[in-house]
Number of protein chains: 2
Amino acid sequence: MARNVEFDESLAIQKAMEVFWKKGYNATSLRDLTDAMQINSSSLYNTIGDKQELFVRCVQHYTDIRKQDWEKRLAGKRSPLSILVDYIHEAVNVIINGESSCMAVKTAFEVATNDERVKQILVADDQRAYNFLHDLIKNAMEEGEIRDDEDPALLADYFNSTWTGWYESFILHQDPVKIKRMAEYFIKQLTK
Amino acid sequence: MARNVEFDESLAIQKAMEVFWKKGYNATSLRDLTDAMQINSSSLYNTIGDKQELFVRCVQHYTDIRKQDWEKRLAGKRSPLSILVDYIHEAVNVIINGESSCMAVKTAFEVATNDERVKQILVADDQRAYNFLHDLIKNAMEEGEIRDDEDPALLADYFNSTWTGWYESFILHQDPVKIKRMAEYFIKQLTK
DNA sequence: ATTATTCTGAAACAAATGTTTCAGAATTGG
DNA sequence: CCAATTCTGAAACATTTGTTTCAGAATAAT
């Protein structure tokens, strides 16, 4: 027998995520957040919690979206190699068109070393990325789409860590061609 | 006709760098810095300047050290490939034994997007890293130490961006074997 | 030794930080 | 409509932030 929460919580999380994503955890103030979320700090503390808790929810939300993307790609029922190549091209597009790098990467370097909860969310996310790549590589090998003289586990680890450096490169040089050429070399390694 | 600065400025920069390196720019307070540097904030502002200026000096110092390391390695007069392989092994050691990741990488993601001066220091540093790799790869090709069917410029870019992901991987998994295996695969690609 | 200049320490500064308080508006179920 | 409960807005909170002030200690050159 009382009123309900007035604001849309998942929309508010989305807005907060965008601010954290762009500015990073420490450079984002509570005012930045409540402005973007369009709620009062009392509502924030009553429902979600403090800044740390909100950040955890945002990182979780970010990784949830990625998880859905991977699932959708696998459900496509296309050949393993074409899913893989599609994914790489899309990753390149995100890097060269996105305006604030990858939140998971930024968070790994800024926060994960000091916050165990955040780290565990990123570890789980990384594990899903690994599984996505590993399964595609393994299946592509079994179907003869790519050479099979390397361990799929090694290749999955290796490729999974490769994108991170492309983000850094693009922050420094803003050179799309550089990224595209690296991606082409990357694909060539797999297939030839 | 007056007294001189009492503290050792380059030692103070070194101490400040260690704090920034570990905690990042935004999570480091002026108190953290003056405590580590063992000077009063008035001395800091009289000599070096404000927090931003101090950070710039620290990043510059960090990249200066790297520059010296590259020069020393090239002066070694050993074969290009052995210099390269040595360097990769040393990079792995730094990743798996260092206790706070790479300051250049962390700074690229946390600060370089918002601070043009810091970004330019990192761009110059990245260019030196690129040159180091490019020259070694090119020379190794000319001396027949490695295959020469790829563009040295592409390989230098590609390899230069690869380490960054290894740092991220180690933050999340703290698994030295993972890093070592990726490094071995990395070297194998070059030589085989 | 004197003097002119510069450095240092401690305190003070305003502004910004993350968080809490609470009166009153709102809305639910009865 | 009532009453009980919960939400919201604005203000206030104590800390912490980056930075400045300034009196006095220190020292270089004369």
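Below, chains carry the letters A, B, ... as their sequence lines are ordered, and counting in each starts from 1. Given the structure is predicted, the values throughout are model-derived calculations rather than measurements.
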How many Å lie between [atom1] on [X] and [atom2] on [N], as a whole number?
| X | N | atom1 | atom2 | value |
| --- | --- | --- | --- | --- |
| Arg31(A) | dA15(C) | CZ | P | 14 Å |
| Asn26(B) | dT16(D) | CG | P | 18 Å |
| Ile48(A) | dT8(D) | CD1 | P | 11 Å |
| Met37(A) | dC7(D) | CE | P | 15 Å |
| Leu33(A) | dG18(C) | CG | P | 8 Å |
| Gln38(B) | dG9(C) | CD | C1' | 14 Å |
| Leu30(A) | dT19(C) | CG | P | 6 Å |
| Asp32(B) | dT19(D) | CG | C1' | 16 Å |

* Asked: From dG9(D), dG18(C), dT8(D), pick the nucleotide closest to the side chain of Ser43(A)?
  ->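 Looking only at side-chain atoms, Ser43(A) lies closest to dT8(D).
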* **Nucleotide of dC7(C), dT19(D), dA10(C) approaching Asn40(B) most closely (side-chain heavy atoms)** =>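 It is dA10(C).
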* For DNA chain D, whose closest nucleotide is more 5', that of Asn46(B) or that of Asp50(B)? ->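 Closer to the 5' end of DNA chain D: Asp50(B).
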* To do: Would you mind telling me which residue lines up with the more 5' stretch of DNA chain D, Asn4(B) or Ser41(B), judged by nearest nucleotide?
  =>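 Looking at DNA chain D, the more 5' nearest nucleotide goes with Ser41(B).
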* **N-O pairing of Arg78(B) and Asp86(B) below 4.0 Å** =>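 Yes, this pair counts.
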* To do: State whether Phe20(B) and Lys15(B) meet the cation-pi test: NZ (Lys) or CZ (Arg) under 6.0 Å from the six-membered ring centroid, and within 45° of the perpendicular axis.
  =>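 Geometry flag: not set, cation outside 6.0 Å or 45°.
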So what does [X] touch, heavy atoms closer than 4.0 Å: a base, only the sugar-phosphate, or nothing?
| X | value |
| --- | --- |
| Thr28(A) | sugar-phosphate |
| Thr47(A) | nothing |
| Ser42(B) | base |

* Should Tyr45(A) be listed as having a side-chain N or O under 4.0 Å from OP1 or OP2 of dT19(C)? ->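 So the side-chain polar atoms of Tyr45(A) do come within 4.0 Å of the phosphate oxygens OP1 or OP2 of dT19(C), strictly under.
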* Asked: Does the side chain of Ser29(B) get closer than 4.0 angstrom to OP1 or OP2 of dT16(D) through an N or O atom?
  ->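 Ser29(B) to dT16(D) OP1/OP2: no side-chain N or O under 4.0 Å.
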* Are any of the side-chain heavy atoms of Pro176(A) and Phe170(A) separated by less than 4.5 Å? ->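 The answer is yes; the side chains approach within 4.5 Å.
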* Asked: Would you say Trp21(B) and Thr107(B) make side-chain contact, with heavy atoms under 4.5 Å?
  ->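 Contact flag for Trp21(B)/Thr107(B) side chains = no.
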* Given Phe186(A), which of Phe159(A), Tyr87(A), Tyr158(A) fulfils the ring-ring contact (aromatic ring centres under 6.0 Å, His included) condition? ->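 Of Phe159(A), Tyr87(A), Tyr158(A), ring-ring contact (aromatic ring centres under 6.0 Å, His included) with Phe186(A) is met by Phe159(A) alone.
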